[in-house]
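Below is one structure; the comments refer to it alone.
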Amino acid sequence: MRFATWNVNSIRTRVDRVIAFLERSGTDVLAMQEIKCRPDQFPIAPFEAAGYQVAIHGLNQWNGVAVASRLPIVETQDHFLTQPAFGEPPVIEARALGVTVDTTEALPARDQQASSMTIWSLYVPNGREVTHAHYAYKLEWLANLAEQGRSWLADPAAQIALVGDWNVAPLDEDVWDVDAFEGATHVSAPEREAFAAFAADGWVEVTRERVTNYTYWDYQKLRFPKNEGMRIDFAYCSPALAARVSAAHIDRDERKGKGASDHVPVIVDVN
DNA sequence: ATGCCGAGAATATCTCGA
């Protein structure tokens, strides 16, 4: 069984690339971020034609998350219980979508193996500037998700993946030039502590040891040709799910050519 | 090589992204 996460930066602009990726990669479940549209604007037909159901959560042109699955979708949640609001009036933004899929047909029968998996497509707030209210919101968002996550991990058999654009570069090596990020968001100590808290709680980030590459390159200043990128897309798995992960990689080719997202897919294989 | 910002809404220029 293969799942993936990809910040697509507008599904309406990128749908042809996304469908081609699904068919080329054999991905069973794809978590998307920054779809930048409402459900009624989402190009559902090409997904269905390719054999995928789509769960969509989008409020307007900002943010937006979705999950495409060729495994049966059995439950969806359009926010996590402790998810904070932002703005005036306060709104719980479209930044989290939990989709539970039946994995029976994609995995070999095995004693006591779970028959379902919940994949959360997450688009963590950017933060903008460390002095901005959006930054405090980002830290609250991560802390509240961690709080929620601890309750989920009370079940040692939980099959849960928290995947998406975390908007945090956890290590210095996750940015092309740490000096260029002095004082910026994504690399600050509080953000890194908020990210590391998930590991302390028992979540296992399954791509760190299997992928040695960036997942994002800015559109500006020839960042991709010069390989000046950032590693900010991750997959935290519950312990029981992490134990079944066999491989992970990125599809770097998706950053090439006309019409690329600024992020690439991060792909995880599960036995 | 992969190439110098892209997307959406509104309507000409703004917000947002990291």
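Naming convention: chains lettered A, B, ... in sequence-line order (proteins, then strands); numbering from 1 in each chain.
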Evaluate whether atom NZ of A/K221 has more than 12 neighbouring non-hydrogen atoms of other residues, nucleotides or ligands under 6.0 angstrom away.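 No.
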Nucleotide [N], atom [atom2] - distance to [atom1] of [X] in whole Å:
X      : N      : atom1 : atom2 : result
A/E129 : B/dA18 : CD    : P     : 13 Å
A/N63  : B/dA9  : CG    : P     : 13 Å
A/H132 : B/dC16 : NE2   : C1'   : 10 Å
A/Y219 : B/dG8  : OH    : P     : 10 Å
A/W62  : B/dG17 : CH2   : C1'   : 9 Å
A/E228 : B/dT2  : CD    : C1'   : 13 Å
A/K256 : B/dT2  : NZ    : C1'   : 6 Å
A/Q61  : B/dC14 : CD    : C1'   : 11 Å

For a quick test of reading the model: is some side-chain N or O of [X] closer than 4.0 Å to OP1 or OP2 of [N]?
X      : N      : value
A/S10  : B/dG8  : yes
A/R223 : B/dA18 : no
A/N9   : B/dC5  : no
A/N126 : B/dA18 : yes
A/Y123 : B/dA18 : yes
A/Q41  : B/dA7  : no
A/H263 : B/dG17 : no
A/R128 : B/dG17 : yes
A/R95  : B/dG17 : yes

Residue closer to the 5' end of DNA chain B, A/F224 versus A/F181 (nearest nucleotide):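 The residue mapped nearer the 5' terminus is A/F224.
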Taking the nucleotide of DNA chain B with the closest heavy atom to each, which residue, A/N167 or A/Q220, is nearer the 5' end?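 Upstream on the strand: A/Q220.
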Between A/F47 and A/F42, does the ring centroid distance fall short of 6.0 Å?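 For A/F47 and A/F42, the ring centres are under 6.0 Å apart.
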Looking at the rings of A/W141 and A/F80, which for Trp means the six-membered one, are their centres under 6.0 Å apart?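 Yes.
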What's [X] touching, base or sugar-phosphate or nothing? Going by heavy atoms closer than 4.0 Å.
X      : value
A/D233 : nothing
A/R14  : sugar-phosphate
A/Y216 : sugar-phosphate
A/T185 : nothing

Work out how far the C1' atom of B/dT15 is from that of B/dT11, and round it to whole angstrom.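 Per the computed distance, 15 Å lies between those C1' atoms.
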Pairwise C1' distance, B/dA18 and B/dC5 [rounded to whole Å]: 13 Å
Side chain of [X] only, heavy atoms from C-beta on: which candidate in [options] is closest?
X     : options              : answer
A/K36 : B/dG8, B/dA18, B/dC5 : B/dG8
A/R12 : B/dA7, B/dT2, B/dA9  : B/dA9
A/N7  : B/dT2, B/dA7, B/dA18 : B/dA18

Could you check whether A/D262 pairs with A/R223 (Lys NZ or Arg NE/NH1/NH2 to Asp/Glu carboxylate O, under 4.0 Å)? no
Answer yes when A/E254 and A/R24 have at least one side-chain N-carboxylate O distance shorter than 4.0 Å, and no when they do not.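 Salt bridge flag = yes for A/R24 with A/E254.
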Strictly by modelled atom types, are A/W6 and A/D251 linked by a side-chain donor-acceptor pair under 3.5 Å? no
Are A/K36 and A/N9 close enough that a side-chain donor and a side-chain acceptor fall under 3.5 Å? yes
